[in-house]
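As structure tokens, the structure follows; a few thoughts come after it.
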Amino acid sequence: MSSIDAGSTGLAYQLRALSTFVRRDMKLWTYFKVNLLVDLLGVFSNLVIYAVIARFNPGGEGMAAYNHDYVAFVVIGLVFNTLLSTALSGPYMGVMDSFWNSRLEVLIMSPVSLPVFTVGLSAGQYVRALFRVAIYLGGGALLFGLRFPAGADLPAAALVLFLAVVACTGLGLMAASMIYIVDARGGSDPVRLVVENLAGVAAGVYFPVQVLPVWVQWLAGLVPHTYALDGIRQALLGGGTPLPTLPLHRLLPALSPVLTDALALAVYSALALPLGWAMFKRGLRLAKVDGRLSRWV
Amino acid sequence: MTGRGAAITTTGLRKVFPKRRPAENWMDAMPQLVKGLAGRQDRKVALDGVDLKIEDGELFGLIGANGAGKTTLIKILACLMRPDGGTATVAGYDIHTQRMMAKASSSVLKGGGWTGVLWMRTVSQNLRFQGEMSGLAPALIERRSAEVLELLDLTDKADEVPWYLSAGQRHKLTVALLFMVRTPVVLMDEPTVHLDPNVAQTVRRFIKETVNTKRGQTVLMSTHYLQEAELMCDRVAIIDQGRLLACDSPSRLKRSVYDGSIVEIRADRCTEPGLEALKAIHGVTQVRARLQDAALGRQSIRIYGGNGLNPMAGALEVLGAAGAEVKWAKSAEPSLEEVYLKLVGREIN
């Protein structure tokens, strides 16, 4: 039948589909110019708040491992919390957006492979996150004197970041699976509820973990953010001599703290990603069985 | 119909849903929860062993009331839902074992909805997105966009965002999205529902003349508009409570349920006694009258004759004697509505 399109499902198609996801999300994000401006100004005002706090010299207790530099400490916290939040929330938000806008069936019916579909749902959010990261880093450097000391270990920081994103993606897939496993279609889910609260309070985004009670420090060890933030800060700010700051560091004194952070994240990733993927597939399968996949009824 | 083989087959397709009812309060929710945990939830059979074979190039209609199982069947064929039993193929690909190819071989339209529309992108950007997601080359996307925009009379709306379009234009956009890609099989769930008559007619003509006849795409469309199915489809199947009750061409289905004579009469000043007198004519098995204009007493009357008797002459005589003014009278065929009524036992709407 000459008029019929040949089904295209190869690698080149999958990559094109991924870029289409990104371009689509960017168009949606930038469509309302005022909202876009407010969004970016919100990121900047967040930076200003912590930069002002830095003027009160909070570089005392627990800051030795981070060169007593609160501006760098908090900017790194904001940057990596932005990226890790995207990894955590991306799959859930992507599925929910497509579900409520009646686009999920179109995506599921297209010959996009499940991994590309899953990555595509959050790819645009990563691009948005990178804009926010640029504001944190650029604003921090230009307006608040953000500097990284000589001897910053960039490869170690990159490794920790990669492992942390993988681990958080696993948790993000678990969160997305909750849409169908426990019918969490209302905008919140139990996985993100636990992880985001624990990360916000105890993982050390805004202050060092050492200032918290020891039992809370152990509790903070349950989320990858804790190891990621500590590892990256020590790699970038520690000046080549990382100090033990987390309970796990004290449990494994023979290892360098940054290496311990990387190992913890590697173990976390090895467990969370396959489990998250299995749960996500299980959720979609359940939805296809009981007819809740899309809003088409 | 080209007779090139089966485009869609289903064998013993079965689907059962748990019956869901939102709990009114916690006291109400607990028994439901316990029943669910014990696996004793009330269940509704949506498809009950559906066997179907649709030939390549056929325009096939699935007729049924709301909740009959039409959408469930289409969703299963579109790989959006898994059946509980049985199997199906789409363009020769098994929906269980060759899902990717089955998906790539079919496209789907949900009538009256907003499927796939990106609200904050223009009509042409929507079409481009659809083309890219379906793996079309950029040049083909441009050509196809222009083609479907022209066909559906949307060219002057190409740069508008969907929420500034009228409801009919938005529906046309969902149709345009569907037709950006030419798959061997096209699945349509009530493609003209909620459309005004003119737009519905445009969509019907496009499906029949362009999609099915010109391009040779196999179309499975569900509808509860019986006249639409009768006018458009090569074959129709009647589905009720998940079971296929009949499947054949509209003309054969009509012959199969009624082989007597039918007379259709339009008459003014038609009174109840006149209608009663029609029923008393020798050989008349049934009289169905529909009031069309109360002021004129205008009735549209269908008179069914059995035993090889044509009730035309007797009916005209009786109505004349009752003071009715016959506008016209003609021999008629049974309608699909009558087939449906006979098979299902109630009217479709």
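These numbers come from the heavy atoms of this one structure, side chains and all, not from hydrogens, waters or symmetry mates.
The residue from B:I95, B:I74, B:T72, B:L73 that alone fulfils the side chain to side chain contact (heavy atoms under 4.5 Å, CB included) condition with B:M81 is B:T72.
For the residue pair B:T122 / B:D159, no side-chain donor-acceptor distance below 3.5 Å is found, with atom types taken as modelled.
Only the backbone of B:S107 has a heavy atom closer than 4.5 Å to any heavy atom of chain A. With a 4.5 angstrom heavy-atom cutoff, A:S19 does not touch chain B via any of its atoms. Of the two parts of A:I108, the backbone and the side chain both hold a non-hydrogen atom closer than 4.5 Å to a non-hydrogen atom of chain B. Using a 4.5 Å cut-off between heavy atoms, B:R128 makes no contact with chain A at all.
Screening residues 115-138 of chain A for salt bridge (charged side-chain N to carboxylate O under 4.0 Å, His left out), with sequence neighbours left out, gives A:D39-A:R132.
Considering only residues two or more places apart in sequence or on other chains, A:F99 meets the ring pair (Phe, Tyr, Trp, His ring centres under 6.0 Å) condition with none of them.
The candidate with the highest count of non-hydrogen atom pairs below 4.5 Å against chain A, out of B:L118, B:V161, B:V16, is B:L118.
In this structure, the separation between CG on B:N126 and CG on B:L173 is 5.5 Å, given to the nearest 0.5 Å.
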